[in-house]
Structures are given as C-alpha cells and as structure tokens.
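Just below is one structure, and these are the notes that go with it.
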Amino acid sequence: MQTTWDWDFSAEIFPRLMEGMLVTVAVTLIGIVIAVILGLFLALGRRSNQPWISYPTAWFIEFIRSTPLLIQLFFFYYALPQARDLPRWLTTWPAFITMFVALGVHYACYASEAYRAGIESVPKGQWEASTTLNLKIKTTWRSVILPQAIPRSLPPLGNYFVAMFKDAPIGSAITVQGVLFVARATQSASFRSVEPYTLAGLLFLAVSIPAAMFVRRLERRVAYESD
Amino acid sequence: MSQIEYSPPTPKGAASIEMRDVTKAFGELVVLNDLSLDVDAGEVVVIIGPSGSGKTTILRVVMTLERIDDGYIKIGDRQLYHEEKDGEPTWASEKHIRSVRSDISMVFQHFNLFPHMSARQNVMLAPIKVKGLNEDEAAEKAKILLDRVGLGDKLDHRPSELSGGQKQRVAIARSLAMEPRVMLFDEVTSALDPELVGEVLNVLRELAASGDMTMMMVTHEMGFAREMADRVLMFDRGRILEQGPPDQIFIDPEHERTKSFLKAVLSH
C-alpha cells in the first residue's frame with residue numbers, strides 16, 4: 001500500500017471530527033448515567049425475594065446480554081417504529097436518543113453483574129449485624145450494604161464504561177453523527193481514507209487510554225482499602 | 001406445638017427468656033432438639049459445650065438470625081415467633097418479630113463492625129435509624145457508651161485502625177446503644193489475641209454487675225464463666241446435658257461427658 005499523509009487536509013477535517021467526538025462522548029456519558037442507575041435497580045431486582053420481580057429481571061438481563069448491541073439498536077431504531085398499535089412517542093425516537101438508550105440499557109445489564117459481585121462480596125456478618133440492630137431492610141441496603149458494595153463494583157464498572165465508549169461509534173449505523181459517522185462521510189466526499197480514520201482512532205485513544213489508566217488506579221485503590 | 005400465651009408489651013428493664021420445645025434443623029441435621037430453657041430477668045447464663053453441639057444456634061434463634069422450626073420463645077411476656085390472628089396462634093409477621101427483636105441484641109465473635117464508619121458512627125447508626133434520635137443526641141449517646149467501654153479517645157477511628165479488643169468493645173457499645181433487655185454474646189473473646197481478652201472481659205464484668213439486662217453467653221473462657229455466671233449450661237447434641245451453679249458444674253459435674261469436656265478444655 002502506498003499513500004501519503006496530507007497535513008493540510010488533516011487540519012481541515014479535524015474540527016469536524018472533534019464535533020463528532022463530542023457527540024460520541026455525549027452518547028457515552030448519558031449511556032453511563034442510565035447504566036449506573038438502571039444497573040443498580042436490576043441488581044436489586046435480581047436479588048429480590050419476590051419471584052415475580054427476580055425472575056423477569058434475571059430473564060431480561062440474560063436476554064440483553066445474549067444479543068448483540070447492534071441488533072438491539074436496529075430493533076429500537078427500525079423495527080419498533082413499525083409497531084403501529086403503540087403510540088408514536090413510545091416507538092419512534094431520534095437516532096441520538098435511540099443510541100444512548102440502547103447503549104445504557106445494554107450496559108446496565110453488565111453493570112448489574114458488577115453490582116451483584118460487589119453486593120455478594122459484603123460479608124454475611126454485615127447483614128447479621130444489621131438484623132441485631134433491628135435496622136429496616138431499606139436502611140440496611142442504604143447505610144450498610146451499598147456503601148461497601150459500590151466501591152468494590154467500581155473497577156469492573158469502570159471497565160464497562162471504557163467499553164461503552166468504544167461501542168458508541170456503532171451509532172453511525174443508525175445515523176448518529178458521532179466521530180465514525182463523520183469519518184465515513186469525509187471519506188465518501190474526499191475519497192481519502194487514511195486521515196479521517198487515523199485521526200478518529202487517535203481521538204479515541206486520547207480519551208480511552210487516560211480512562212483505562214484511571215480505572216487501573218481505581219482498582220489498585222479499592223484493593224488496597226479492602227485489605 | 002406447646003401452649004402459647006399472649007400478653008401485652010412489658011416495660012423496659014432486663015427481660016426473662018422462655019424457650020419451650022424449640023426445634024431447629026438444617027436439612028437432616030437437628031441442631032436444637034426439643035429444647036426448653038428458662039432464663040430469669042437479669043440472670044447471667046453461660047453456655048458451654050463441644051463445637052457443633054448447638055450452643056451458638058441457641059443464641060441465633062433468640063436473635064432471630066435463624067428461625068425455629070417448632071416450639072416457641074418468649075422474651076419477657078411477649079412471644080417472639082408467634083402472634084395471635086383471629087383468635088388463633090400463627091407464625092408472627094416480620095413486623096411483630098421486629099417489634100420484639102428491639103429488646104434483644106447480640107455481639108459476635110468476629111465483631112461485624114461496619115468498616116466504612118467510625119467507631120462513633122457505628123454506635124450512632126441504630127439509635128438514629130431505629131430509635132429516631134437526632135444526630136446530636138445520638139452522637140452524645142455514642143460518646144457516653146464508648147467512654148463506658150474505655151474508648152472515649154477512639155471516637156473517630158475506623159475499625160481498621162483499632163485492635164481486636166477495641167473492635168469488640170465498640171461492638172458491645174453499639175449493641176448497648178439499642179438499650180436491649182437481653183444481650184447475647186457469641187464467643188466474643190475467641191478471635192482475640194490472648195493479651196486483649198482481659199479488656200473485653202472487664203467490660204462484660206461491668207455489664208453483668210449492673211444487672212440491667214439478661215445475658216446469655218457462649219464462651220470458652222472457663223475462668224470467666226465460673227466467676228460471672230449465675231448458671232452454667234452444659235450443652236451436647238442439641239440438648240442441655242446438665243446445668244447448675246458454676247461451682248457445681250466445674251467442681252462436681254454429674255455427667256461423664258461434662259467431665260471429659262471440661263478436662264479437655266481446662267488442660268489447654
């Protein structure tokens with residue numbers, strides 16, 4: 001392969017790629033908020049002693065984890081709007097919203113597993129001490145179990161957040177104008193592939209490497225505090 | 001099931017414990033076998049016996065950490081596991097159990113302090129969340145209780161910064177904060193280094209002397225049992241093998257099993 005790197009062309013497309021990157025980061029951040037909150041509820045739902053809560057929750061988690069994000073995305077964006085019996089506001093969402101909802105729900109199922117591991121790592125004695133103090137179950141969760149479980153869940157959650165960021169470009173398949181969408185559009189218009197995809201890759205590295213380093217530090221810190 | 005009697009809540013102060021025909025099994029393994037036991041209000045009862053004999057399970061069923069399969073338990077005048085519905089005795093609701101459980105507290109072998117809270121916060125949590133005290137009242141109460149167990153200078157220390165003996169004293173203060181009428185101690189010195197056992201036993205001596213609560217303890221500290229107990233129960237295979245004043249059990253036990261157990265324990 002013989003090609004040349006055009007610095008002027010790179011400088012010209014860089015601002016557009018940055019705008020695309022902001023969209024990708026925004027999708028990821030909103031998706032993370034959904035995954036963090038919904039994941040906790042799914043973890044609690046799965047542990048519920050009410051079978052009508054725990055079984056559907058477990059089934060939902062398994063279903064989402066066992067199907068690819070891209071299929072879920074296409075389902076939300078292309079298949080759901082064809083359910084004409086349902087109100088339109090429920091079935092037809094803009095690409096940007098569809099993307100962060102699909103990303104958030106998909107990773108909420110993984111996050112729920114991280115929470116579950118954190119919850120199960122809290123010793124049984126902590127539950128028993130809460131019983132001897134006659135704490136209500138809600139207080140036990142809020143004041144005793146979750147403050148210990150959540151820090152232990154943070155390292156795996158951090159890894160999922162980095163993975164979410166790397167999955168966010170899938171949104172280009174449903175026209176979310178993130179960095180990959182911009183790179184493809186640039187390639188189509190200019191017939192140059194090297195600069196847009198190289199710069200897009202470098203932009204990803206610029207965010208994901210510091211994020212991964214932060215997660216490693218977090219892992220070491222949590223391991224240290226758990227000693 | 002034995003005849004169950006009901007009566008209204010009694011005022012605070014040490015409460016008696018009445019266990020009748022209590023049975024508890026884990027699968028095929030029967031741990032408590034038709035156990036009946038009466039403990040007077042303010043009495044200090046020490047339970048001894050070989051491991052696996054069911055002595056910890058007695059404490060755990062009184063604390064409701066394990067539910068009984070049959071029989072009944074009364075704390076003071078109140079049934080722990082039963083209540084009357086439509087004139088019929090039935091297994092109690094969680095609400096009823098919580099209500100009676102407020103009279104009971106337990107200290108564990110491995111402390112079970114909340115590691116993310118300071119000593120003071122450990123002691124404050126239940127008074128705030130269960131008894132409805134405000135922050136200032138609970139903090140003041142925690143300070144008084146931690147002073148009482150000799151830890152007035154460790155209020156803001158986390159459990160990880162305390163020795164085993166100090167952790168156990170925080171755990172005792174935490175239980176005392178609930179003003180229990182019955183206090184259960186499960187091998188509270190077994191996890192401690194030998195030089196730290198004395199400081200915990202001193203706190204227990206002070207509690208026993210106060211007579212503010214009924215105390216049931218499982219311990220391997222035979223010297224302490226002999227000194228502090230009003231009554232010693234020798235437990236074996238889910239039943240009380242023999243019981244009596246400490247001198248009788250330690251000097252002149254009736255059963256061969258008790259003699260061999262004491263010989264084995266005291267020779268260590």
Side-chain angles (χ1 to χ4, degrees), chain A residues 36 39-40 43-45 47-54 114-158 217-227, chain B residues 56 59-67 94-117 121-132 138 158-161 167-168 170-180 182-186 191:
Chain A
V36 163
L40 182 57
L44 297 179
R47 279 187 65 96
S48 170
N49 50 17
Q50 304 289 335
W52 61 273
I53 297 178
S54 61
Y115 285 126
R116 187 182 60 81
I119 290 165
E120 284 178 2
S121 75
V122 177
K124 190 174 155 222
Q126 296 290 299
W127 291 93
E128 294 187 342
S130 304
T131 302
T132 66
L133 295 174
N134 222 9
L135 300 180
K136 286 187 175 164
I137 189 69
K138 205 159 62 171
T139 308
T140 301
W141 275 110
R142 202 183 292 167
S143 301
V144 178
I145 305 301
L146 290 181
Q148 296 181 65
I150 288 176
R152 293 173 204 193
S153 310
L154 285 180
L157 282 178
R217 275 184 57 178
L218 201 62
E219 277 175 353
R220 280 199 295 272
R221 186 165 168 185
V222 170
Y224 172 76
E225 287 189 353
S226 301
D227 279 346
Chain B
T56 289
L59 302 189
R60 291 176 65 83
V61 296
V62 173
M63 192 64 251
T64 71
L65 294 174
E66 310 286 352
R67 302 296 163 98
E94 273 305 307
K95 192 179 166 196
H96 174 89
I97 290 174
R98 260 181 64 79
S99 158
V100 183
R101 189 164 60 204
S102 65
D103 285 342
I104 315 165
S105 200
M106 180 164 170
V107 183
F108 299 90
Q109 180 179 356
H110 293 290
F111 331 124
N112 296 344
L113 290 178
F114 304 135
H116 56 296
M117 296 180 189
Q121 288 167 330
N122 263 279
V123 181
M124 285 169 67
L125 179 68
I128 292 174
K129 301 289 185 186
V130 181
K131 292 196 169 282
R158 292 238 179 152
S160 59
E161 300 165 323
K167 284 181 200 170
Q168 197 57 291
V170 174
I172 292 170
R174 184 175 69 173
S175 285
L176 290 175
M178 293 304 291
E179 298 168 1
V182 170
M183 205 82 155
L184 311 168
F185 299 88
D186 184 16

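Just so we're on the same page: letters track the sequence lines, and every chain starts at 1.
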Quiz item: So which part of A:K136 gets closer than 4.5 Å to some heavy atom of chain B, the side chain, the backbone, both or neither?
Solution: both

Self-check item: Test log, rule side chain to side chain contact (heavy atoms under 4.5 Å, CB included), inputs A:Y115 and A:L157
Solution: CA-CA 8 Å; A:Y115 285 126; A:L157 282 178; 3.9 Å; yes

Quiz prompt | Residue pair B:M124 / B:M117, side-chain heavy-atom distance below 4.5 Å | solution = no

Quiz item: Within a strict 4.5 Å, meaning less than it, do heavy atoms of the B:L176 and B:M183 side chains meet?
Solution: yes

Does any heavy atom of chain A fall under 4.5 Å from the side chain of [X], the backbone, both, or neither of them?
| X | value |
| --- | --- |
| B:R174 | both |
| B:H116 | side chain |
| B:I104 | backbone |
| B:L113 | backbone |
| B:F114 | both |

Quiz item: Rounded to the nearest 0.5 Å, how far apart are OG1 of A:T132 and CZ of B:F108?
Solution: 4.5 Å

Self-check item: B:R67 atom CZ: more than 12 heavy-atom contacts under 6.0 Å
Solution: yes

Quiz item: Charged N to carboxylate O under 4.0 angstrom, A:R116 versus A:E120?
Solution: yes

Quiz item: For chain B, which of A:P123, A:S143, A:P151 has the most heavy-atom pairs under 4.5 Å?
Solution: A:S143

Quiz item: Do you know which of B:H110, B:M178, B:M63 has the most heavy-atom pairs under 4.5 Å to chain A?
Solution: B:M63

